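Below is one structure; the comments refer to it alone.
Each chain gets a letter, A, B and so on, in the order the sequences are listed, and its residues count up from 1. Everything numeric here is computed off the predicted structure, so don't read it as measured data.
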Protein chains: 2
Amino acid sequence: MLRLSKLTDYAVVVLLRLADGDRATCRAGLSEPVQTSPGIAVATGVPEPTVAKVLKSLASANLVLSLRGARGGYRLARPLAEVSVADVIAAVDGPIALTACVDGGAGGCDLQGLCAVEGRWDLVNDAIRQALDRISLEDMCSASVPVAFRVMEPELVALPVPAVSAAAV
Amino acid sequence: MLRLSKLTDYAVVVLLRLADGDRATCRAGLSEPVQTSPGIAVATGVPEPTVAKVLKSLASANLVLSLRGARGGYRLARPLAEVSVADVIAAVDGPIALTACVDGGAGGCDLQGLCAVEGRWDLVNDAIRQALDRISLEDMCSASVPVAFRVMEPELVALPVPAVSAAAV
DNA sequence: CCCATACCGTACTGCGTCGGTCCAGTTAGC
DNA sequence: GCTAACTGGACCGACGCAGTACGGTATGGG
């Protein structure tokens with residue numbers, strides 16, 4: 001299914017929140033001073049430890065800057081337009097590669113020598129890498145799609161999503 | 001890591017084997033009459049039950065034709081050039097979608113309404129789908145590149161593997 | 001007509017990875 | 001020096017995948 005980890009999804013949400021906090025204005029705002037991980041957690045609805053984990057990954061990939069100590073927090077390292085989806089995925093999920101057989105994982109495959117495709121997946125990997133590289137976070141944000149059609153799920157709307165609600169989004 | 005299931009990898013191997021059996025001549029050969037799953041298993045080194053499982057998936061996606069009864073077996077449904085990687089992935093791993101939140105999977109996400117990206121992943125999904133659609137199995141086979149040059153990806157070889165590190169990329 | 005061959009479908013199980021949590025340590029403002 | 005906040009590591013349960021097994025069915029040959 002080509003699944004992408006949920007953490008990566010969270011990472012995008014967090015970065016978007018970090019960019020401005022206001023959903024309407026998705027343009028890259030480095031204006032926002034710093035935001036703490038508890039703060040982002042409340043704003044996004046993502047559990048706080050998870051937010052912290054994601055931010056740690058993003059920080060070590062230099063997508064966000066961290067300020068330690070009291071009154072510390074996180075800031076975007078560069079505007080959203082300069083961050084590609086590939087960057088985020090690589091930061092959270094590790095390098096982009098479809099199979100374990102490729103990209104130097106020369107160790108694992110016990111079909112070595114039999115495998116008719118050997119390194120053939122590189123073609124595919126590169127294609128995907130390029131595709132992901134062309135999409136910036138700003139692209140994912142600015143498109144103005146009506147969110148309407150999903151609201152029809154009553155049991156979901158009724159879910160006890162605590163407190164967060166209106167103020168955030 | 002954007003992992004692709006190992007089954008999909010096997011599927012490509014099996015299809016290539018089914019195309020001709022001889023690695024040197026990768027051109028689409030519908031010439032080969034039929035091949036049994038045990039036969040393919042020995043030829044490729046993939047365990048037989050797994051081969052059978054893969055072939056079943058491929059058969060129900062109409063990528064291969066099955067002939068039952070004694071002297072039965074499998075045949076390619078169409079030449080390799082007309083089978084895209086996306087087809088194979090969809091057959092084995094299910095529809096291509098990065099996250100569960102999208103593509104009508106309206107059920108899962110409990111951040112409904114909070115999620116700042118809502119349906120934004122569609123952009124990415126489409127990009128990947130197109131990229132995969134452009135690569136045929138023949139492409140993966142015919143390219144005559146020596147597997148050597150993989151080494152040119154220094155950041156990947158250097159990585160100590162753990163999922164969350166990714167400092168390099 | 002019977003049997004061997006080979007596909008078909010389903011169900012089961014072990015294992016690896018991921019999502020999520022927690023804790024001890026460190027840094028910096030007040 | 002105290003407290004707020006990031007840092008890093010370890011830990012654990014849950015889910016999904018890979019692999020296996022088994023009973024069933026269809027076809028061709030003797």
(Q) Can you confirm whether A/Val83 sits close enough to A/Arg78 that some side-chain heavy atom of one is under 4.5 Å from a side-chain heavy atom of the other? (A) yes

Q: Evaluate the side-chain proximity of B/Tyr74 to B/Leu65: yes if any heavy-atom separation is below 4.5 Å, no if none is.
A: no

Q. Of the non-hydrogen atoms in B/Leu76 and B/Leu15, which two are nearest, and what is the gap between them?
A. CD2-CD2, 3.6 Å

Q. Atom CD1 of B/Ile40 and atom P of C/dA6: how far apart are they, to the nearest Å?
A. 12 Å

Q: Using atom NZ of B/Lys6 as one end and atom P of C/dC15 as the other, report the distance to the nearest whole Å.
A: 14 Å

Q) How does protein reach along nucleotides 2-12 of chain D, written 5' to 3' as B (base within reach of a heavy atom under 4.0 Å), S (only sugar-phosphate), or - (no contact)? A) --BSBSBB---

Q: Kindly say if A/Tyr10 contacts the phosphate of C/dG20, meaning a side-chain N or O under 4.0 Å from OP1 or OP2.
A: yes

Q) Could you state the CG-P distance from A/Asp93 to C/dT17, rounded to the nearest angstrom? A) 14 Å

(Q) Any non-hydrogen side-chain atom of A/Gln35 less than 4.5 Å from a side-chain atom of A/Leu18? (A) yes

Q: Return the set of residues passing side-chain hydrogen bond (donor to acceptor under 3.5 Å, both in side chains) with A/Ser136 (not counting sequence neighbours), or none when no residue passes.
A: A/Asp139

Q) Once you round it to whole Å, what is the distance between P of C/dC18 and CD1 of A/Ile89? A) 14 Å

Name the atoms and distances for all side-chain donor-acceptor pairs under 3.5 Å in residues 45-55 of chain B, with sequence neighbours left out.
residue	atom	partner	partner atom	Å
B/Glu48	OE2	B/Ser37	OG	3.3

